[in-house]
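Step one of this worksheet: look at the structure below.
Residue numbers begin at 1 in each chain, while the letters A, B, ... track the order of the sequences.
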Amino acid sequence: MRLSRAFLPTLKETPAEAQIASHRLMLRAGMVRQTSAGIYAWLPAGLRVLQKVAQIVREEQDRAGAQEILMPTVQNADLWRQSGRYEDYGEEMLRFKDRHQREMLFGPTNEEMVTDIFKDFAKSYRDLPRNLYHIQWKFRDERRPRFGVMRGREFLMKDAYSFDVSQEAAQHSYRQMFLAYLRTFARLGLKAIPMRADTGPIGGNLSHEFIILAETGESQVFVSQDLLDLDPLADTPDFASDLTPHVDRWTQHYAATEEMHDEAAWTAVPEAKRVSARGIEVGHIFYFGTKYSAAMGLTVQGADGKPIIPEMGSYGIGVSRLVGAIIEASHDEAGIIWPDAVAPFAAAILNLKAGDATCDALCGQLYAALGADAVYDDRDVRPGQKFAEADLSGYPWQAIIGPRGAANGRIELKRRATGVREELSLEDAIARIRGA
RNA sequence: CGGGGCGUGGCGCAGCCUGGUAGCGCGCCUGUUUUGGGUACAGGAGGUCGUGGGUUCGAUUCCCGCCGCCCCGACCA
């Protein structure tokens, strides 16, 4: 993308409504634009990041055996009356009527719908297990939307739903998602910590929140350093095998949010290993048994001919929230520092003297080699502005090309995260950017 | 939902208390200048002062209603 032609409305000053870093930076970097309280339009730079996050989420869901579908945003109220949640959900549910006066709603989640869809398919225990997910916009009419895309009313969520023949089988599905989540967040460049969560009225202990550490996090978390030292990508499990040992590695260490904090267990953690920090919830998984399958009338026939009510779980990742959360976890005074995996562009090519034949030629060669994964700042503006905006937008690499170096075919490559600069040939610069 | 605050060119703000036909910085346009960290100078364009009503000769300013947005708290991907 040539910046001279791009729709990238960066701001030098911060809009007054933005309080936290990610919101400020997303507005300044031209990623989003607010259209109503808690509702945002995604502009090209923001959309690219959102799509990259979604794609990683998708790949890891697929790897764990879940299958992608796409359910609608608008649902019929009758579906929700079957589970009894139409009345329970309250003001957070956006309700409206269609032209025939039918009561409709904008889906805040999809347990009822997915169960209803699955019901028509599943006849036999042989049709289990299945795990269906989609990545779709949700609407929850929050009392107080805030923090930009981190607590919007409309948000993009990945929600998966598992159907199993027994509790034991359902726990296997749960572990698959548990490990898939660890891999997902690690690939996004985040350190996510699974924490036991309150299961609410369902009971049992199978609910975990996945929380990333960031100074501006909403909740206080307590975690053992041993847990932070684990690498989710180090051992890739066979998702069909018994996953218990893999999950146990992660659940044996202390980790809790304020609500679940156990002072006695905490003091048992060696003092040097106690990490107390702020966290942002980016994922939440539950096992909830037959709550929805029973309510929606989902049964399959067992091997003995008797009906079985499938055991279910649901698994959510806040995709649009993650974009904000990543920035919270990775920024500095100058702007965003994107992890390589989700950066809108891998590199920015800064032509310090657009119009100079030598600079133009070298920039053109690099741009041709990097293609769609690079932005080329070919604008006729001061170098200082290019530096400032490239730092703000957070591209992992900045290829700085000015008259001095270009005369010798040299490119100055700056790593955004570290500030380290190297002088490289065209070929070496291309290799460095591609190799990251 | 309880408490607090704010709506004035694209963005950040002043003016309002003490009514008299709107101003500053950034950004934008033109020209000159500058060319390795948001350059400098000059000249421009751009505003139903959120909205409806009231008071007044006259309302951005005073009064009332409404709408929108933000912040703090209790709840949530």
Could you list the donor-acceptor pairs under 3.5 angstrom formed by side chains in residues 318-331 of chain A, with sequence neighbours left out?
unit_1: A/S320; atom_1: OG; unit_2: A/L156; atom_2: N; d: 2.8
unit_1: A/R321; atom_1: NE; unit_2: A/M150; atom_2: O; d: 2.9
unit_1: A/R321; atom_1: NH1; unit_2: A/E281; atom_2: O; d: 2.7
unit_1: A/R321; atom_1: NH2; unit_2: A/M150; atom_2: O; d: 3.1
unit_1: A/E328; atom_1: OE1; unit_2: A/T216; atom_2: OG1; d: 2.1
unit_1: A/E328; atom_1: OE2; unit_2: A/S22; atom_2: N; d: 2.7
unit_1: A/E328; atom_1: OE2; unit_2: A/S22; atom_2: OG; d: 2.7
unit_1: A/S330; atom_1: OG; unit_2: A/I337; atom_2: O; d: 2.5
unit_1: A/H331; atom_1: ND1; unit_2: A/I327; atom_2: O; d: 2.7
unit_1: A/H331; atom_1: ND1; unit_2: A/E328; atom_2: O; d: 3.4

Name the atoms and distances for all side-chain donor-acceptor pairs under 3.5 Å in residues 398-406 of chain A, with sequence neighbours left out.
unit_1: A/Q398; atom_1: NE2; unit_2: A/D391; atom_2: OD1; d: 2.6

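Legend: residues meeting ring pair (Phe, Tyr, Trp, His ring centres under 6.0 Å) with A/F155, ordered by chain and number and at least two apart, are absent. Partners of A/D332 by salt bridge (charged side-chain N to carboxylate O under 4.0 Å, His left out), not counting sequence neighbours, listed by chain and number: A/R416. The salt bridge (charged side-chain N to carboxylate O under 4.0 Å, His left out) test applied to A/R379 returns A/D377, A/E389, not counting sequence neighbours. In this view, A/R33 satisfies the side chain to side chain donor-acceptor pair (under 3.5 Å) rule with no residue, not counting sequence neighbours. Residues satisfying the side chain to side chain donor-acceptor pair (under 3.5 Å) criterion with A/D360, sequence neighbours excluded, are A/N351. Residues satisfying the side chain to side chain donor-acceptor pair (under 3.5 Å) test with A/S293, not counting sequence neighbours, are none.
Side-chain contact between A/F106 and A/E154: present, with at least one pair of heavy atoms (C-beta onward) separated by less than 4.5 Å.
We find that CG of A/N351 is positioned 13 Å from P of B/G36, with the value rounded to whole Å. Atom pair A/R24:CZ and B/G12:P shows a separation of 14 Å (rounding to whole Å applied).
Heavy atoms of A/L322 sit nowhere under 4.0 angstrom from any nucleic acid atom. No contact: A/D159 has no heavy atom under 4.0 Å from any strand. Within the nucleic acid shown, A/T14 comes within 4.0 Å of sugar-phosphate atoms alone, with no base atom in reach, counting heavy atoms only.
Annotation: B/U51 and B/U8 have their P atoms spaced 10 Å apart (nearest Å). The separation of B/C75 from B/C28, taken at their P atoms, amounts to 46 Å, rounded to a whole angstrom.
Within residues 53-65 of chain A, no residue has a heavy atom under 4.0 Å from RNA chain B.
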List every contact pair, protein side and nucleotides 26-35 of chain B side both N or O, where the distance is under 3.5 Å.
unit_1: B/U34; atom_1: O2'; unit_2: A/R382; atom_2: NH1; d: 3.0
unit_1: B/U34; atom_1: O2; unit_2: A/R382; atom_2: NH1; d: 3.0

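Residues A/K158 and A/D62 are not paired through a salt bridge, judged by the lack of any N-O separation under 4.0 Å between the basic side chain and the carboxylate.
Every pair passing salt bridge (Lys or Arg N to Asp or Glu O under 4.0 Å) that includes a residue from residues 246-257 of chain A is listed here, sequence neighbours excluded: A/D235-A/R249.
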Letter by letter from the 5' end, nucleotides 70-77 of chain B scores (B base, S sugar-phosphate only, - none; protein heavy atoms under 4.0 Å) SBBBBBBB

